[in-house]
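To start, the structure under review is shown below, and the notes come after it.
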Amino acid sequence: MTDIQISFQSKSATAIEWSSPKLSYWTIDHFRSFDNHGLFESTFRDLREMDTLDALRLFVSIAEAGSLSAAARQSSVATSTATVALQQLEEQAGTPLIRRSTRRLSFTYEGLQFLSDARRLLADWDASIGGVKGGALRGPIRMTSTVDFGRTKIVPLIDQFMELHSGISIDLHLSDAVIDLVEHNIDLAVRNGPLRDSLLKARLILRGKRVVCAAPSYWASRGLPAHPDDLAGHNCIVVSRPATTFSTWHFMDGDKAVSIRVSGNRVTNDGSVMKRWALKGYGVVLSLAWDIREELASGALVTALDKFLPDSANLYAVTNGSAPSHRVRAFIDFLADELHQE
């Protein structure tokens, strides 16, 4: 690749020279389009002085603004500066991060991962600087949790954590669906195990199990199942799946894994709705024991098939594979300590 060199004299009589193979794709027409030498001077000063943090900030700005030019305006730099910042990051990463067309920008898979890491690194940097000044945790935590456990356990713990660390902000998304952490820029997910995505990192924060249960009135009218196969004759309340009205429940019969297809006349994607229907005696549910601990203790729900269920259905704090920020690690430690005491 052939280097180019630009040399011109601004009105202030300051000579500006720049030589870089990164700019060799520019033609002389690009430079003729600039009549203002002050803009030239500013552009090349920005390029000379840019470090990795500046490039990362521009990269995040590109994602948030939706275009190179808009990101450049927000950052008070020339569009060419944003372009070179992106090229430098792509060269260091060894892969395209953003697909560029005349109409829009779109992130590659690697670009989305890099964007998540860039946000975390910048937030960590800002928090570190703030920590040196004030010694406190600062910055946002974007997280997701299952609905029932999130409402009953995670929300109160968030409140306690934020009382201890006023510089923290938390964005909580409750869903029983498995959310892509990279695509949705999630720092932390509280999920049930076992985990199947090898790219994720998980820390065990609570041991638990699943139980098959129903209201005493339901068992009185339909009878307790003696074997998982007996569930075929029961009205099971199942988690919704696209275009299906059934679910598969997994058991252990001695050393043999057994999968039973169950169905019923009530389907939902909300764990709290499942619990409500079970309490009213409408059917059988497969639930995490910690989500219905009070109902089991009071006898409002009664379990069945306990000896056929695996011992563990643990709860994990899951991050996207890169090292979590200091504030996320602190929050995970807090969750693990508080939940372990229950």
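Since the structure is predicted, the reported quantities are computational estimates derived from the model, not experimental observations. Just so you know, residue 1 is the first one in the sequence shown, and it goes up from there.
The minimum heavy-atom distance linking Ala317 with Ile205 is given by the pair CB-CG2, 4.0 Å. The heavy-atom pair separating Leu105 from Gly66 by the smallest distance is CD1-O, 3.9 Å. Nearest heavy atoms, Arg327 versus Pro140: NE-O, 2.6 Å. Residues Cys213 and Leu301 share a closest heavy-atom pair of SG-CD1, 4.1 Å. Across all their heavy atoms, Arg119 and Ala63 have their closest contact at NH2-CB, 4.4 Å. The two residues Ala278 and Val285 have their closest heavy-atom pair at CB-CG1, 3.8 Å.
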side-chain contact (heavy atoms from CB on, under 4.5 Å) evaluation trace for Val262 with Thr248: CA-CA 6 Å; Val262 300; Thr248 301; over 6 Å; no

Full working for side-chain contact (heavy atoms from CB on, under 4.5 Å) between Lys209 and Val211: CA-CA 7 Å; Lys209 63 178 182 177; Val211 294; 4.2 Å; yes

Verdict with supporting geometry, Asp270 and Thr268, side-chain hydrogen bond (donor to acceptor under 3.5 Å, both in side chains): CA-CA 6 Å; Asp270 190 316; Thr268 180; 5.7 Å; no

Criterion side-chain contact (heavy atoms from CB on, under 4.5 Å) on Leu137 and Leu164, from CA distance to verdict: CA-CA 9 Å; Leu137 290 176; Leu164 295 172; over 6 Å; no

Derivation of the side-chain hydrogen bond (donor to acceptor under 3.5 Å, both in side chains) call for Asn192 and Asn314: CA-CA 6 Å; Asn192 309 318; Asn314 298 325; over 6 Å; no

Check against side-chain contact (heavy atoms from CB on, under 4.5 Å), Tyr218 and His234: CA-CA 10 Å; Tyr218 178 87; His234 284 268; 3.0 Å; yes

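Classified by interplanar angle (parallel below 30°, tilted 30° to 60°, perpendicular above 60°), the ring pair Phe59/Phe107 is perpendicular. Taking the six-membered ring for Trp and thresholds of 30 and 60 degrees, Phe161 and His165 have ring planes inclined between 30 and 60 degrees apart.
Criterion: ILVMFWY side-chain heavy atoms under 4.5 Å apart, direct or through other members. Under it, Leu286 and Leu279 are not part of a common hydrophobic cluster. Note on Val284 and Ile292: separate hydrophobic clusters, where clusters join Ile, Leu, Val, Met, Phe, Trp and Tyr whose side-chain heavy atoms are under 4.5 Å apart, directly or indirectly. Under a hydrophobic clustering in which Ile, Leu, Val, Met, Phe, Trp and Tyr are joined whenever their side-chain heavy atoms come within less than 4.5 Å, directly or via other members, Val155 and Ile332 fall into the same cluster. With hydrophobic clusters built from ILVMFWY side chains whose heavy atoms lie under 4.5 angstrom apart, Leu206 shares a cluster with Val147. Leu86 is connected to Leu112 through a chain of hydrophobic side-chain contacts under 4.5 Å among Ile, Leu, Val, Met, Phe, Trp and Tyr, so both are in one cluster.
Using a cut-off of 4.0 Å between Lys/Arg side-chain N and Asp/Glu carboxylate O, Arg203 and Asp333 are scored as salt-bridged.
Neither side chain, Ser287 nor Arg210, offers a donor N or O lying under 3.5 Å from an acceptor on the other.
Without hydrogens or angle criteria, Thr144 side chain to His173 main chain gives a donor-acceptor distance under 3.5 Å. Between the side chain of Asp291 and the backbone N or O of Asp148, no donor-acceptor pair lies under 3.5 Å. Between the Ser75 side chain and the Ala72 main chain, no donor and acceptor come within less than 3.5 Å of each other. Panel note: side chain Arg151, backbone Ser272; no donor-acceptor pair is recorded below 3.5 Å. Put simply, the side chain of Thr79 never gets that close to the backbone of Ser69: no donor and acceptor are under 3.5 Å apart. Looking at Asn185, its side chain never comes within 3.5 Å of a backbone N or O of Ser116 through a donor-acceptor pair. Between the side chain of Asp230 and the backbone N or O of His227, at least one donor-acceptor pair lies under 3.5 Å.
Counting heavy atoms from C-beta on, the side chains of Gln88 and Thr52 never come closer than 4.5 Å. Put simply, the side chain of Val318 does not reach to within 4.5 Å of the side chain of Leu188, judged on heavy atoms. Taking the side chain as every heavy atom from C-beta outward, Val212 and Phe251 approach each other to under 4.5 Å. Residues Cys236 and Trp249 meet the side-chain proximity criterion, which asks for heavy atoms closer than 4.5 Å. With a 4.5 Å cut-off on side-chain heavy atoms, Met252 and Val258 do not count as touching. In this structure the side chain of Val190 reaches within 4.5 angstrom of the side chain of Ile154, judged on heavy atoms.
Annotation: the span from Ile237 atom CD1 to Tyr282 atom OH amounts to 9.5 Å, rounded to 0.5 Å. Rounded to the nearest 0.5 Å, atoms OG (Ser169) and CZ (Arg142) are 10.5 Å apart. Separation of atoms CD1 (Ile98) and CG (Leu68) is listed at 6.5 Å; rounding is to 0.5 Å. Here the CG-CD distance, from Asp117 to Gln113, works out to 7.5 Å after rounding to the nearest 0.5 Å. How far OG of Ser76 is from CZ of Arg73: 11.0 Å, rounded to the nearest 0.5 Å. Distance CZ/Arg276 to CE/Met274: 14.5 Å, rounded to 0.5 Å.
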Distance-only criterion, 3.5 Å: show the donor-acceptor pairs between side-chain atoms of residues 302-309 and protein atoms not counting sequence neighbours.
unit_1	atom_1	unit_2	atom_2	d
Thr303	OG1	Asp306	OD1	3.2
Thr303	OG1	Asp306	OD2	3.0

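Annotation: Arg207, atom CZ; neighbour count of heavy atoms from other residues, nucleotides and ligands within 6.0 Å does not exceed 12.
By the side chain to side chain contact (heavy atoms under 4.5 Å, CB included) test, Thr95 pairs with Ala93, Leu97, Glu110, sequence neighbours left out.
Annotation: Tyr109 is not in aromatic contact with Phe114 [ring centroid separation under 6.0 Å not met].
A cation-pi geometry, defined here as NZ or CZ lying under 6.0 Å from the six-membered ring centre and within 45° of its normal, does not hold between Arg191 and Tyr316.
The one candidate from Leu181, Asp171, Val328 that meets the side chain to side chain contact (heavy atoms under 4.5 Å, CB included) condition with Asp187 is Val328.
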